[in-house]
Amino acid sequence: MWMEIDLQSEVPIYTQLVDQLIEGIASEQLKPGDPLPSVRSLAADLGINLHTVNKAYQILKQDGFLQVHRKQGVVVQPGGMPGTDAAFRAKLARGIRSLAAEAAVRGMSEAEFAEQSAAVYRQLTTKGEDAK
């Protein structure tokens with residue numbers, strides 16, 4: 001699988017897994033209905049504890065990105081992705097707030113911050129095409 005874990009990062013490993021799987025869905029590297037490796041298999045491939053993978057899968061299941069079946073295994077949600085409800089918008093605002101504060105402290109203009117944000121969004125949603 002195309003995921004890379006940074007064992008030296010301050011970001012918890014399960015959060016890295018969650019983020020990378022969501023990026024895979026956003027960039028369409030993972031499509032609805034695609035199977036994912038079992039918890040044991042992915043843990044072995046990445047050299048991490050299986051409980052860490054299980055936690056990431058459970059978060060993604062809870063948030064509506066994955067389905068977990070006893071017989072079929074773990075698959076990317078085939079019935080459509082979760083929408084942008086109030087809870088997601090609040091989570092988004094919290095994440096952007098801390099990044100905007102750091103950008104401002106570092107001297108980045110609002111326009112530069114908005115363009116950087118838009119470029120990252122385009123990069124994820126244009127299937128690897130050059131973001132303009």
Side-chain angles (χ1 to χ4, degrees):
M1 185 157 229
W2 43 265
M3 298 192 324
E4 290 185 27
I5 300 302
D6 181 359
L7 299 175
Q8 303 304 316
S9 174
E10 293 179 12
V11 177
I13 294 171
Y14 76 90
T15 302
Q16 293 180 51
L17 288 172
V18 167
D19 292 347
Q20 288 185 42
L21 286 166
I22 291 174
E23 279 188 35
I25 295 167
S27 66
E28 296 185 358
Q29 289 178 316
L30 294 171
K31 296 183 178 22
D34 280 356
L36 294 177
S38 70
V39 169
R40 288 184 193 278
S41 175
L42 184 55
D45 289 349
L46 296 174
I48 60 175
N49 189 294
L50 65 95
H51 296 294
T52 302
V53 175
N54 189 53
K55 183 173 184 173
Y57 277 4
Q58 289 305 313
I59 290 169
L60 290 166
K61 176 185 174 188
Q62 197 172 1
D63 289 348
F65 294 103
L66 300 181
Q67 281 187 354
V68 179
H69 300 282
R70 291 203 189 280
K71 293 189 177 193
Q72 295 175 339
V74 180
V75 297
V76 176
Q77 180 65 260
M81 291 296 132
T84 56
D85 60 6
F88 171 75
R89 290 180 189 280
K91 177 182 173 183
L92 179 65
R94 284 190 307 272
I96 291 173
R97 183 179 183 89
S98 65
L99 290 172
E102 185 174 350
V105 167
R106 291 177 177 264
M108 182 180 269
S109 72
E110 180 181 347
E112 288 175 300
F113 182 79
E115 179 50 38
Q116 184 68 35
S117 299
V120 170
Y121 186 89
R122 283 191 304 267
Q123 183 182 28
L124 286 171
T125 59
T126 56
K127 303 176 202 155
E129 298 170 13
D130 290 336
K132 295 181 182 178

Exercise. Give the C-alpha distance, both sets of side-chain angles, the deciding distance and a yes or no for side-chain contact (heavy atoms from CB on, under 4.5 Å) between Leu17 and Ile48.
Key: CA-CA 11 Å; Leu17 288 172; Ile48 60 175; 3.9 Å; yes
Exercise. Hey, could you give me the CZ/CZ distance between Phe113 and Arg106, rounded to the nearest 0.5 Å?
Key: 12.5 Å
Quiz item: Linking I/L/V/M/F/W/Y whenever their side-chain heavy atoms sit closer than 4.5 Å, directly or via other members, would Leu30 and Met81 fall into one cluster?
Solution: yes
Exercise. Could you tell me which residues satisfy side-chain contact (heavy atoms from CB on, under 4.5 Å) with Val11, sequence neighbours excluded, listed by chain and number?
Key: Ser9, Thr15, Gln16
Quiz item: Got a donor-acceptor contact below 3.5 angstrom from the Gln77 side chain to the Pro32 backbone?
Solution: no
Quiz item: Got a second to check how far Ser98's OG is from Arg94's CZ, nearest 0.5 Å?
Solution: 10.5 Å
Practice problem: Measure from the side-chain N and O atoms of Glu112 to the backbone N and O of Ser109, and report whether any donor-acceptor pair falls under 3.5 Å. | Solution: yes
Practice problem: Answer yes or no: is there a donor N or O on one side and an acceptor on the other, between the side chain of Lys55 and the main chain of Thr52, under 3.5 Å? | Solution: no
Quiz prompt | Asp34 side chain vs Lys31 backbone, donor-acceptor pair below 3.5 Å | solution = yes
Quiz item: Under 4.5 Å between side-chain heavy atoms, hopping through other hydrophobics if needed: is there a path connecting Val75 to Leu42?
Solution: no
Quiz prompt | Min side-chain heavy-atom separation Tyr57-Leu21 under 4.5 Å | solution = yes
Quiz item: In terms of hydrophobic clusters joined by side-chain contacts under 4.5 Å, are Leu99 and Ile22 together?
Solution: no
Quiz item: Is the shortest side-chain N to carboxylate O distance from Glu115 to Arg122 below 4.0 Å?
Solution: yes
Practice problem: Indicate yes or no for a side-chain donor-acceptor contact from Ser41 to the backbone of Pro37 under 3.5 Å, with no hydrogens or angles considered. | Solution: no
Quiz item: To the nearest 0.5 Å, how far apart are CD in Gln72 and CD in Gln67?
Solution: 8.0 Å
Quiz prompt | Same cluster (ILVMFWY, side-chain, under 4.5 Å), Leu124 and Tyr121 | solution = no
Practice problem: State yes or no: do Met3 and Ile59 share one hydrophobic cluster built from I, L, V, M, F, W and Y residues joined by side-chain heavy-atom distances below 4.5 Å, directly or via other members? | Solution: yes
Practice problem: Report yes if some heavy atom in the side chain of Phe88 is under 4.5 Å from a heavy atom in the side chain of Asp63; otherwise report no. | Solution: no
Self-check item: CD-CD distance between Gln29 and Gln20, expressed to the nearest 0.5 angstrom
Solution: 10.0 Å
Quiz item: Of the options Val53, Val74, Leu60, Val68, which is the one that meets Leu36 in a side chain to side chain contact (heavy atoms under 4.5 Å, CB included)?
Solution: Val74
Quiz item: Measuring from Leu66:CG to Lys61:NZ, what's the distance to the nearest 0.5 Å?
Solution: 10.0 Å
Exercise. Mind checking the OH-CD1 spacing from Tyr14 to Ile5? Nearest 0.5 Å is all I need.
Key: 13.0 Å
